[in-house]
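Notes for the one structure printed next.
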Amino acid sequence: MSEENKRNEYSADNIQVLEGLEAVRKRPAMYIGDVGIKGLHHLVYEVVDNSIDEALAGYCDTIKVSINPDNSITVEDNGRGIPTGINTKEGKSALEIVMTVLHAGGKFDKDTYKVSGGLHGVGVSCVNALSIHMRTEVHREGKIFEQEYSIGKPLYEVREIGESNATGTIQTFKPDSSIFEFTEYNYDTLAARMRELAFLNKGITITLTDLRSTEGEEPRQTVYFSEGGLREFASYLDRNREKLINDVIYFEGEREGVPVEVALTYNTSYTENIQAYVNNINTHEGGTHLSGFRRGLTNTLKKYATDSGILAKEKIEIDGDDFREGLTAVLSVKVAEPQFEGQTKTKLGNREVTAPVSQAVSEMLAVYLEEHPAEAKLIVEKVILAARARHAARKAREMVQRKNVLTGSGLPGKLADCSEKDPALCEIYFVEGDSAGGTAKQGRDRHFQAIMPLRGKILNVEKAMQHKIFENDEIKNIYTALGVRVGTEEDSKALNLEKLRYHKIIIMCDADVDGAHIETLILTFLFRFMKELIEKGYVYIATPPLYQVKKGAKSEYAWNEDQRDRLIMELKGGGSESSVTVQRYKGLGEMNAEQLWDTTMNPEHRTLRQVTIENAAECDQIFSMLMGDDVPPRREFIEKNAKYARLDV
Ligand code: 0RA
């Protein structure tokens, strides 16, 4: 190849590189999911993932993450440092290539077992492309190197700036505010992920520090470190539940070349909480590894129950679900080339993973049951109880359904339905109390808005057995109005979503403590029995205003104290103070139909908060804590998070 050709090829490559990062900026959501609060935090996870990979390769044990005063992020590790030498093919520093070429992350080190992927694994160059400024510092070979970038483009060539006898990589980036809807980081969101990563990768110390506005105070800092890995993760998830057995049953090893780590325990609740991870990514939608887990669990418990003779007396048929009531488990597998499927790409498709996981679970469980007959008996008895409850629940449900057929339309009598029939255009408001329900009925646009008043506190599903849940009037009203089935025999989690009658399900409660409680009760029911509705983004919370500020015929609404005070100032203008009146709304009932429409129901003015599941492991725990038996942690949480608890679920 002539010199000339080589040059051309080089520049062609160059153009492609530019196109690569240009594409990231043009369609950021394709690379990081979205440009909202989630995507913003995703950038951090992406950078931390690289340090975790270095730790998994065995070269790094400390990662420090800081939120800087300007909401930029610094991630520092003590790994080998990204190589800085000139890459002969590209004629550029390896560091520059890692930072500016799409998917160039692990290219230089094929021998190490690199397992990042799925939602993450888009590479640090994506973060760079979406940052108004980024700086990388590398300590390596006794020296310190640096390079800076703006929207992914190097500001200068990699340069040497000093000497160092340590090794490691320090990445600092500031997300581009012209790309992201929000640029303010949430400590608790990052903390939940760092905690999760520490449990999933035992032995790594991850420190999170918030360096923003802490006049006079020490910066907020949390150090995450787990010696026991998933064993400790399972205990952590169950920390507010009552234990059925004292132990966490644990396995770590490799089966058929697949690294598997799994921990499980049982509590006295009726809910199942299995968190399954592939390459440190929570696979909400399950997949082949989860099937393996379930198979291993069911087979081994069934065999034990049969062999031990406990089952012989029972004339009851045991179902797969029965083995998982009160189960808390964490499963983590590493897959070299994961195939992620499903709506949110969080379902593992690799068939070869099922058998190794099933084997691992069977082995560890068989050994445990053999060695702990007293605990084994407790577990089997709980399974039998679950089976009995399930049979009772089916009977109750059949009764309800038969009754519904008799009443004609099958819709609850209290539902004020809308006239539109296309679910995509329809909304349903679940409204606290009959009187607010009446106001909402008058205020709504009946073309597309349906109103379903709920009387007082609905049943706390976290504390009730299944048959009680389906017999409860308000719960019945919720699921019959929605049109979807819950808790079928085959699979309690598979909703018949094609029957869903509304694509916006809006919970509208008073803006007070009782309202918050009812909101949480409804959300708990939806989370436990209709989780898909939340996952698909159909569930919203209405936000009625807290204040009305009035002067003469002029009236404005405020949703918080700042807004209220600003309105008072505005309306006062030069006029006398006494002419401005402030009304504090204690409940929806204090608004008339027109006010309710204007502030809370009119799509042009209202603010709906979409309910999302940010961190599945934390979410389960928050619901069990909020709704469970143990009062002190609940009180503590509510006091600490009074304003945010409802936003974060
Ligand atoms: C490839 C090769 C080597 C290190 C890394 C990647 C590396 C990348 C990141 C990203 C954040 N922290 C990191 N630490 C290391 C080293 C190859 C060698 O030294 O032989």
Side-chain angles (χ1 to χ4, degrees), residues 52 55-56 58 61 63 115 191-206 222-255 258-269 271-283 289-290 292-294 296-297 300-301 304 323-335 353 356-376 378-379 382 615-621 624-625 633:
I52 295 274
L56 292 179
D61 64 6
I63 300 170
V115 290
R193 177 61 180 160
M194 298 310 129
R195 178 185 301 116
E196 185 179 47
L197 282 173
F199 281 131
L200 289 165
N201 304 281
K202 61 183 173 196
I204 307 179
T205 302
I206 306 177
T222 320
V223 181
Y224 298 101
F225 172 82
S226 173
E227 199 182 318
L230 296 196
R231 189 197 292 275
E232 284 171 16
F233 199 174
S235 298
Y236 174 80
L237 291 177
D238 259 1
R239 66 196 179 284
N240 296 319
R241 300 225 195 236
E242 189 189 333
K243 291 179 170 70
L244 182 75
I245 58 171
N246 275 316
D247 311 292
V248 175
I249 308 168
Y250 181 73
F251 172 93
E252 190 197 9
E254 208 168 281
R255 287 292 172 272
V258 179
V260 180
E261 190 182 354
V262 56
L264 70 85
T265 186
Y266 279 90
N267 58 58
T268 57
S269 81
T271 51
E272 159 190 338
N273 181 14
I274 307 176
Q275 302 296 333
Y277 294 84
V278 175
N279 303 345
N280 290 334
I281 295 159
N282 193 314
T283 37
H289 56 327
L290 187 61
F293 175 91
R294 289 190 175 142
L297 182 90
T300 313
L301 276 176
Y304 180 86
F323 292 99
R324 300 192 297 272
E325 242 190 53
L327 172 74
T328 292
V330 195
L331 166 65
S332 170
V333 296
K334 299 279 156 59
V335 180
V353 179
V357 175
S358 168
Q359 257 180 46
V361 173
S362 291
E363 275 174 41
M364 75 164 189
L365 202 56
V367 170
Y368 180 85
L369 296 172
E370 231 28 82
E371 289 175 359
H372 300 81
E375 283 81 2
L378 285 173
I379 295 172
K382 177 146 175 91
N615 186 299
E618 287 294 305
C619 200
D620 176 87
Q621 133 67 28
S624 74
M625 178 205 19

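Quick caveat, the model's predicted, so the values are computed rather than measured.
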Asn201 side chain to Leu197 main-chain N or O, any donor-acceptor pair under 3.5 Å? yes
Hey, does the side chain of Ser362 reach the backbone of Thr300 with a donor-acceptor pair shorter than 3.5 angstrom? no
How far does [atom1] of [X] sit from [atom2] of [Y], to the nearest 0.5 angstrom?
X: Leu56; Y: Asn279; atom1: CG; atom2: CG; value: 9.0 Å
X: Ile63; Y: Ile204; atom1: CD1; atom2: CD1; value: 5.0 Å
X: Leu237; Y: Thr328; atom1: CG; atom2: OG1; value: 6.5 Å
X: Leu290; Y: Gln275; atom1: CG; atom2: CD; value: 10.5 Å
X: Gln359; Y: Met364; atom1: CD; atom2: CE; value: 13.5 Å

Could you tell me which non-hydrogen atom of [X] sits nearest to which non-hydrogen atom of [Y], and how far apart they are?
X: Ala276; Y: Thr283; answer: O-OG1, 2.6 Å
X: Ala198; Y: Ile206; answer: N-CD1, 3.9 Å
X: Gly292; Y: Val357; answer: C-CG1, 4.0 Å
X: Tyr266; Y: Leu301; answer: OH-CD1, 3.4 Å
X: Lys334; Y: Asn280; answer: CE-OD1, 4.2 Å
X: Tyr304; Y: Pro373; answer: OH-CA, 4.1 Å

Are [X] and [Y] close enough that some pair of their side-chain heavy atoms sits under 4.5 Å apart?
X: Phe251; Y: Val361; answer: no
X: Lys243; Y: Thr265; answer: no
X: Asn273; Y: Leu327; answer: no
X: Leu264; Y: Phe293; answer: yes
X: Leu331; Y: Val260; answer: yes

How would you list, by chain and number, every residue that makes a side chain to side chain contact (heavy atoms under 4.5 Å, CB included) with [X], sequence neighbours excluded?
X: Glu375; result: Ile245, Asp247, Tyr368, His372
X: Ser269; result: Arg241, Asn267, Thr271
X: Ser235; result: Val248

List for me each residue that meets salt bridge (Lys or Arg N to Asp or Glu O under 4.0 Å) alongside Lys382, sequence neighbours excluded, and say none if there are none. none
Can you name the salt bridge (Lys or Arg N to Asp or Glu O under 4.0 Å) partners of Glu252, sequence neighbours left out? Lys202
For Phe199, enumerate each residue passing the ring-ring contact (aromatic ring centres under 6.0 Å, His included) test, keeping only those at least two apart in sequence or located in another chain. Phe233, Tyr236
Are Arg255 and Glu363 close enough, and set up right, to give a side-chain contact (heavy atoms from CB on, under 4.5 Å), and what steps lead you there? CA-CA 11 Å; Arg255 287 292 172 272; Glu363 275 174 41; 2.8 Å; yes
CA sep, side-chain torsions, deciding dist, call: Glu261, Tyr250, side-chain hydrogen bond (donor to acceptor under 3.5 Å, both in side chains): CA-CA 8 Å; Glu261 190 182 354; Tyr250 181 73; 2.6 Å; yes
